[in-house]
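Below, chain A is the first sequence line, B the second, and so on; all start at residue 1.
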Protein chains: 2
Amino acid sequence: MSKQGAPLAVIDLNADAPCYPPLAQRRVPAETAAVLAPAFKALGDPVRLQLMSMIASAEDGEVCVCDLTPAFDLTGPTISHHLKTLREAGLVDAERRGTWVYYRARPGILRQLAALLSVEPAPSSQA
Amino acid sequence: MSKQGAPLAVIDLNADAPCYPPLAQRRVPAETAAVLAPAFKALGDPVRLQLMSMIASAEDGEVCVCDLTPAFDLTGPTISHHLKTLREAGLVDAERRGTWVYYRARPGILRQLAALLSVEPAPSSQA
DNA sequence: GGCCTGCCTCGACGTCCGTCTAACCAGAGA
DNA sequence: TCTCTGGTTAGACGGACGTCGAGGCAGGCC
């Protein structure tokens, strides 16, 4: 549907965006679903989920692509494609320093997604 | 051909499954990614995200399909297909009572996914 | 039994996705 | 400048996905 306009075009999922109420508390409206679903979709691939984890759990807060690529049995372009998907979903941010490109996680979006999936521990009001 | 005898085939994402450490804390191994990615993938469609929310936020803890279908501009088979996807991802559970079929959320999996996406509030002081 | 309703399954169609190879662009170094 | 390395982009291909119409099965009602 959406064309590939700008490479760094980020949806409304910035850290400035409001915290959506939990999915199990209020029915998610169509517009919210249209905004959040692409983020879940980006995490819906095993390779991207591992990439996201490697980036988010990096010691220095960032990872060089040269450290990501050899961790998979995939070609460089394929990894680059997955990173672009994560970038367009607003989950990571890229920065080129010299020859190398470093990726960094956007914790705000992860927090929003986690909040959306959060569930009440035990609704004891109903037996 | 799979009969309707066991439509509840669930992957390893039951409430009994262990809580995976946050994605940003430890690198997600390949097997974990292979198990969790389908759940995110199932939530990666706007229709399914809304369906999941409608089911999880139901007052009585369950929703009849007859209440879900008219909420979308989609045909019955399409909604049924999306519900099957959520079912196979282990996110919801179905039960037929008389003529109607009721869907119920599995909060354990939502909790696990939320825990996986959880991020430290402010890692300013490296611990 | 006959019929009606609710939901699922089947088959089909167009589109999107994941992967690859080949080619291109950006910096660094000599 | 020329070359080498690192990363992205372009194009292609097979498979999966989202949607639909048609048909089937289960349960309730007359």
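At the heavy-atom level, A/Ile79 lies nowhere under 4.0 Å from the strands shown. Within the nucleic acid shown, B/Arg97 has no heavy atom closer than 4.0 Å to any nucleic acid atom. Among the heavy atoms of the strands lying under 4.0 Å from A/His82 are primed sugar atoms or P, OP1, OP2 only; no base atom is included. Backbone-only engagement by B/Gly98 is indicated by non-hydrogen atom pairs under 4.0 Å involving sugar-phosphate atoms exclusively.
Stacking of A/Arg96 on the aromatic ring of A/Tyr102 is not recorded, the 6.0 Å distance cut-off and the 45° axial limit not both being met.
Phosphate proximity of C/dG18 to A/Arg48: present, with a side-chain N or O under 4.0 Å from OP1 or OP2. At C/dG6, none of the side-chain N or O atoms of B/Thr99 fall inside 4.0 Å of OP1 or OP2 (strictly under the cut-off). Distances shown here put a side-chain N or O of B/Lys41 below 4.0 Å from the OP1 or OP2 atom of D/dC17. An OP1 or OP2 oxygen of C/dC8 is reached within less than 4.0 angstrom by a side-chain nitrogen or oxygen of B/Tyr103. One finds no side-chain N or O of A/Ser80 lying less than 4.0 angstrom from the OP1 or OP2 phosphate oxygen of D/dG7. Between B/Thr78 and the phosphate of D/dT19, there is no side-chain N or O to OP1/OP2 separation shorter than 4.0 Å.
Side chain of B/Arg48 to main chain of B/Ala42: a donor-acceptor pair is present (N/O by atom type, distance under 3.5 Å, no hydrogens or angles). Of the possible polar contacts, one joining the B/Ser118 side chain to the B/Ala115 backbone as a donor-acceptor pair under 3.5 Å is found.
Comparing C/dC20, D/dG7, D/dG21 by their nearest atom to the side chain of B/Pro77 picks out D/dG21. Of the candidates D/dG7, C/dT21, C/dC7, the closest approach to any side-chain atom of A/Val101 belongs to D/dG7. If you check D/dT19, D/dT8, C/dT19 against the side chain of A/Leu74, the one that comes closest is C/dT19. Listed nucleotides D/dG7, C/dT9, D/dA26 differ in distance to B/Lys84; the shortest reach to its side chain belongs to C/dT9.
Screening B/Leu74, B/Leu83, B/Leu51, B/Ile79 for a side chain to side chain contact (heavy atoms under 4.5 Å, CB included) involving B/Thr69 leaves a single residue, B/Ile79.
Between B/Asp93 and B/Arg104 no salt bridge is recorded (no basic side-chain N to carboxylate O distance below 4.0 Å).
Side-chain atoms of B/Arg26 and B/Tyr20 form no donor-acceptor pair, as typed in the model, at a separation below 3.5 Å.
Rounded to a whole Å, the CG atom of A/Leu83 is 15 Å from the C1' atom of C/dT19. Computed from coordinates, the B/Glu95 CD to D/dG27 P distance equals 13 Å when rounded to whole Å. In this structure, NE2 of B/His81 is placed 12 Å from C1' of D/dC20, rounded to the nearest angstrom. Rounded to an integer number of Å, the gap from CZ of B/Arg87 to P of C/dT9 is 6 Å. The nearest whole Å value for the distance from the OH atom in A/Tyr102 to the C1' atom in D/dG7 is 13 Å. Separating the CD atom of B/Glu88 from the C1' atom of D/dA16 is a distance of 14 Å, rounded to the nearest angstrom. Nucleotide C/dG18 holds its C1' atom 13 Å from the CG atom of A/Leu51, rounded to whole Å. Atom CG in A/Leu68 sits about 9 Å away from atom P in D/dG7, given to the nearest Å.
Mapped onto DNA chain C by nearest heavy atom, A/Arg96 and B/Cys64 fall at different nucleotides, with B/Cys64 at the one closer to the 5' end.
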